[in-house]
Novice: 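Sharing a structure with you now.
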Amino acid sequence: MTRIQYTGNNYAELKQLLGERLLAPYDCMGFSMLSLMTDEGPVTIHEGNYVTLHSDGSVIID
């Protein structure tokens, strides 16, 4: 299990962890966000969210 907090400045670290499932960052009203493609569809990762990648490949955003 690996857990990383998205700070808005660590896209490369999250890209290395999540690979092609992670889409490029975008800014909205001064905040940076990411989109993550999951089996259920896209999920938004906001600054301050934690991204947890489990050994089975599942991802939890909290």
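Bear in mind the structure is a predicted one, so any value in this text is a computation, not a measurement.
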Novice: To the nearest 0.5 Å, tell me how far S58 OG sits from M1 CE.
Specialist: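 If we round to the nearest 0.5 Å, S58:OG and M1:CE are 10.5 Å apart.
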Novice: Counting C-beta onward and ignoring hydrogens, is there a side-chain heavy-atom pair between T2 and L17 closer than 4.5 Å?
Specialist: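 Counting from C-beta outward, T2 and L17 do come under 4.5 Å.
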Novice: Within a radius of less than 6.0 Å around CD of Q16, do more than 12 heavy atoms belonging to other residues, nucleotides or ligands occur?
Specialist: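 Open: at most 12 neighbouring heavy atoms sit under 6.0 Å from CD of Q16.
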Novice: Tell me, do Q5 and V51 make a side-chain contact under 4.5 Å, heavy atoms counted?
Specialist: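 They are not in contact (no side-chain heavy atoms under 4.5 Å apart), so the answer is no.
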Novice: Report the distance from atom CG of L22 to atom OH of Y11, rounding to the nearest 0.5 Å.
Specialist: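 It is 5.0 Å, given to the nearest 0.5 Å.
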Novice: Taking the side chain as C-beta and beyond, is there a heavy-atom pair between K15 and E20 under 4.5 Å?
Specialist: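 Heavy-atom side-chain distance check passes, below 4.5 Å.
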Novice: Keeping to residues at least two apart or across chains, list the salt bridge (charged side-chain N to carboxylate O under 4.0 Å, His left out) pairs with something in residues 44-62.
Specialist: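 For residues 44-62: R3-D62.
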Novice: Between L23 and L18, is there a shared hydrophobic cluster once you connect ILVMFWY residues whose side-chain heavy atoms come closer than 4.5 Å?
Specialist: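 Each belongs to a different hydrophobic cluster.
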Novice: Under 3.5 Å, which donor-acceptor pairs do the side chains of residues 26-33 form with other protein atoms, sequence neighbours left out?
Specialist:
from	atom 1	to	atom 2	distance (Å)
S32	OG	Y6	OH	2.5

Novice: Taking all non-hydrogen atoms of both residues, which atom of H46 and which atom of N49 are closest, and how far apart?
Specialist: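 So the two residues come closest at N-OD1, 2.7 Å.
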Novice: Test side chain to side chain contact (heavy atoms under 4.5 Å, CB included) on I4 and E13 and set out the steps.
Specialist: CA-CA 8 Å; I4 299 173; E13 181 180 17; 3.7 Å; yes
Novice: For residues L14 and L34, determine if any side-chain heavy atom of one lies less than 4.5 Å from a side-chain heavy atom of the other.
Specialist: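 Yes, at least one pair of side-chain atoms sits under 4.5 Å.
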Novice: Within a strict 4.5 Å, meaning less than it, do heavy atoms of the H54 and V59 side chains meet?
Specialist: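 Side-chain contact under 4.5 Å: no.
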